[in-house]
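Computed over heavy atoms, backbone and side chain alike; hydrogens, waters and symmetry mates excluded. Note on naming: letters A, B, ... go to the chains in the order of the sequence lines (proteins, then strands), and numbering restarts at 1 for each one.
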Amino acid sequence: MIDVADDTAVEPATTGGPVGRAKRRLTDLAIDVVLTVFGLLMVLPLIMLVANAFKAPQELLAWPPTLIPTKPTTENITAVLGDTPLLTWIFNSFTFATLSAIAISATSAIAGYLLAKFPSRTMNVLFAIVLATAIVPFEVYMIPLYFQAQQLGLLNSLPGILLGYLVMSFGIFLVRQNVIHTIPDELLEAARIDGAGELWIFWHVVLPLLRSALGALFVLAFFQAWTAFAWPLIVLSTAQNYTIEVGLALFQTGFTVDLGRLSAASAIVLVPSVTLFVLLRRNFVEGVASTGLKE
Amino acid sequence: MLKRKLWLFSLVAILPVMAIFAYVRVYPIYEVLRLSLHKWDILSRNKPFIGLANFAELLRDSLFRTALINTSIIAFGVLFITVPLALVIAALIHHRTRSRFASFYETSVFIPHVVSLVPAAMAWKWIFDAQLGPLNALLGVFGVAPKAWLFDPVLSIVSVIILCSWQALGFAVLIYLVGFKNLPRSLFEASKLDGASGIQQFWYVAVPLLKPITLYVSVATLVSAFNVYAQVYVLASDAQGAPGRQVRVLVLDMLENTFRNYRVGYAASEAVVLLVIVLILTAIQFSLLREKGTR
């Protein structure tokens, strides 16, 4: 009995009397159990990874694997922090993701607003180009972009990886839709009649109204850069410049690496990304949800 | 007069953004199309035009064919696991929106989608590990003989599908949740008066109404799965001198042709094939949407 779109909690007693109510409660309980088990299964791989980070080598070999370390040790963590520039990688990723999110928010805000509120034939053409390129996955044009970075002398540098993450077609689209829905033309006209300049209007009228859309976009862009893999992998070439994803992926291929250290390194990386996600969850969900609303 | 001033302002203001956009999006896309018709081996200075010769060679290239087949199997495998599962999970979560644990359900399903890809893939690499992995331990309980998940040609693809589905599920669930929230309540009340059970409502009311969402989620899942790379990279790389079997996928083949064989033009033609696949999928989505007359 899966009652989908109707919320039973609103009017529980309308159907069936006490027997029906008991049955409903039982169904809800069953669904709760299913969802809880499923949710735990989804995060179980990550929990076990963190558990492994605190296990001594003997325990890692134990069969079957334990969920909670019997003799927790921080040896793996100190070892991995000593062996690799892990904290540098995290810092690099953080800088890269933040700068990318700023660039994407700024370019999307400007272009989205102009495309929405200054209709002309040129703008229509530009918007068509933005929409058309939105379909093309990054992997398709990654290789020519690599040679552009090479020409600019930006290989193996932060500006080099940023080059691929300065704009987001979807971001421009998102802001444009938001401007159309939330900012009436009359508001802009009124400001103009009051003698406000265009830059003043953008900064003091438009941006404040776009705050929540831009917040969602910022978080979306941040996580996009934070989890970028193929592009930083081909652009970066020395350990000091690696982002965390690239650093870890290459680190795990080393011969001296054992499971404990690998798990420790992974766990150290997971903690900030999960924390960030839990903190910014609302924004993020909003951002992703709006990707599905291409009307 | 004022109109003209505004038009001029909008053009001047959008110019910097569009210049960046053209340089990092439009130009590389154009380049990839151009290069695919040329022979360019990095080392040689000249890039002769060779028409469709690269594509003709792709048809005979057994490595490329393997990559195309593997990638397609992975993409459709992820699709067939993710979309139905996401629909059911989203229905259950939506039904329990008022539950105290609702945000736990949502977050736990979504976390795999946002955590850094490489650490998450490493957790799964351990799970699939033939000797140490909990998956074989679990199967052992049911009397199933241990399997070499990451080495067997078929099982290694299954492993990639499982990992990618685990990551893709959260996105699909989230989009479906938005869809469920936007369904008209009146229809459900009407069907309830007609005596429809919860499962009947789900199957005969919600699922047909959610068709546009299903179409969008399916295409988005397929497109991102066709670009699979990091997961394969991590699962195959060797930790402790035990290399997994490299599952050849399109992006991997493309990067190998560029950076190992120095055949950029040839790699570009592979990128174009990837682009064509994505365009076909998108075209199918739009034509089906139009056919239905929804949205």
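Looking only at heavy-atom pairs under 4.5 Å with chain B, the residue among A:Phe223, A:Phe277, A:Trp226 that has the most is A:Phe277. The candidate from A:Ala132, A:Pro137, A:Ser120, A:Pro272 with the greatest count of non-hydrogen atom pairs under 4.5 Å with chain B is A:Pro137. Comparing B:Phe226, B:Phe110, B:Tyr27, B:Trp124 by heavy-atom pairs within less than 4.5 Å of chain A, the highest count is held by B:Phe110. The most heavy-atom pairs under 4.5 Å with chain A, out of B:Val32, B:Val114, B:Val272, come from B:Val114. Taking chain B as the reference chain and counting heavy-atom pairs below 4.5 Å, the highest number among A:Leu199, A:Leu233, A:Val246 is found for A:Leu233. Among A:Leu163, A:Leu276, A:Ile172, A:Ile244, the residue with the largest count of heavy-atom pairs under 4.5 Å with chain B is A:Leu163. Interface remark: of the candidates A:Leu126, A:Val274, A:Leu166, A:Leu126 forms the most heavy-atom pairs closer than 4.5 Å to chain B.
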**Study point:** Audit row: B:Leu85, B:Leu169, side-chain contact (heavy atoms from CB on, under 4.5 Å) steps and yes/no
**Key:** CA-CA 8 Å; B:Leu85 191 60; B:Leu169 188 72; 4.1 Å; yes
Review point. How far apart are the C-alpha atoms of B:Tyr176 and B:Ile93, what are their side-chain angles, what is the distance that settles it, and do they pass the side-chain contact (heavy atoms from CB on, under 4.5 Å) test?
Key: CA-CA 10 Å; B:Tyr176 268 126; B:Ile93 293 180; over 6 Å; no
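Heavy-atom minimum distance, B:Phe171 versus B:Ala220: CE2-CB, 3.9 Å. Of all heavy-atom pairs between B:Ala196 and B:Gln201, the closest is CB-CG, 4.0 Å.
The contact between A:Val130 and chain B is made by backbone and side chain atoms together, counting heavy-atom distances below 4.5 Å. With a 4.5 Å cut-off on non-hydrogen atoms, A:Leu270 touches chain B through its side chain but not through its backbone. The parts of A:Thr36 that come within reach of chain B are both its backbone and its side chain, each placing non-hydrogen atoms under 4.5 angstrom from that chain. Interface remark: A:Thr122 contributes side-chain atoms only to the contact with chain B (heavy atom separation under 4.5 Å). In this structure, the portion of B:Val264 lying under 4.5 Å from any heavy atom of chain A is its side chain and not its backbone. For chain B, the nearby parts of A:Thr227 are the backbone and the side chain; heavy atoms of each come within less than 4.5 Å. For B:Ser224, no part sits under 4.5 Å from any heavy atom of chain A, backbone or side chain. In this structure, chain B has heavy atoms under 4.5 Å from both the backbone and the side chain of A:Leu248. Heavy-atom distances place both the backbone and the side chain of B:Ser116 under 4.5 Å from chain A. Contacts between A:Ile47 and chain B at a heavy-atom distance below 4.5 Å are absent for every atom of the residue. The contact between B:Leu11 and chain A is made by backbone and side chain atoms together, counting heavy-atom distances below 4.5 Å. Interface remark: A:Asp32 contributes backbone and side-chain atoms alike to the contact with chain B (heavy atom separation under 4.5 Å). Heavy atoms of B:Ile127 lying under 4.5 Å from chain A belong exclusively to its side chain. Interface remark: B:Glu106 contributes side-chain atoms only to the contact with chain A (heavy atom separation under 4.5 Å). In this structure, no portion of B:Leu250 lies under 4.5 Å from any heavy atom of chain A. Both the backbone and the side chain of B:Ile14 have a heavy atom closer than 4.5 Å to some heavy atom of chain A.
In terms of the salt bridge (Lys or Arg N to Asp or Glu O under 4.0 Å) criterion, residue partners of A:Arg192 (sequence neighbours excluded) are, by chain and number, A:Glu189, A:Glu198.
Taking the side chain as every heavy atom from C-beta outward, B:Arg263 and B:Thr258 never approach each other to under 4.5 Å. B:Ile175 places a side-chain heavy atom less than 4.5 Å from the side chain of B:Tyr216. By the 4.5 Å heavy-atom criterion applied to side chains, B:Leu255 and B:Tyr229 are counted as neighbours. With a 4.5 Å cut-off on side-chain heavy atoms, A:Ser169 and B:Phe21 count as touching.
Between A:Trp231 and A:Phe138, the ring center distance clears the sub-6.0 Å criterion. For A:Tyr242 and A:Phe251, the ring centers sit 6.0 Å or farther from each other. Note: A:Tyr165 and A:Phe222 fail the aromatic proximity criterion, with ring centroids not under 6.0 Å apart.
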Output a table of donor-acceptor pairs, distance under 3.5 Å, between side-chain atoms of residues 140-151 of chain A and any protein atom two or more places apart or on a different chain; print 'none' if there are none.
unit_1, atom_1, unit_2, atom_2, d
A:Tyr141, OH, B:Arg25, NE, 2.9
A:Tyr141, OH, B:Arg25, NH1, 3.2
A:Gln148, NE2, B:Tyr23, O, 2.9

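How far OG1 of A:Thr27 is from CZ of B:Arg96: 10.0 Å, rounded to the nearest 0.5 Å.
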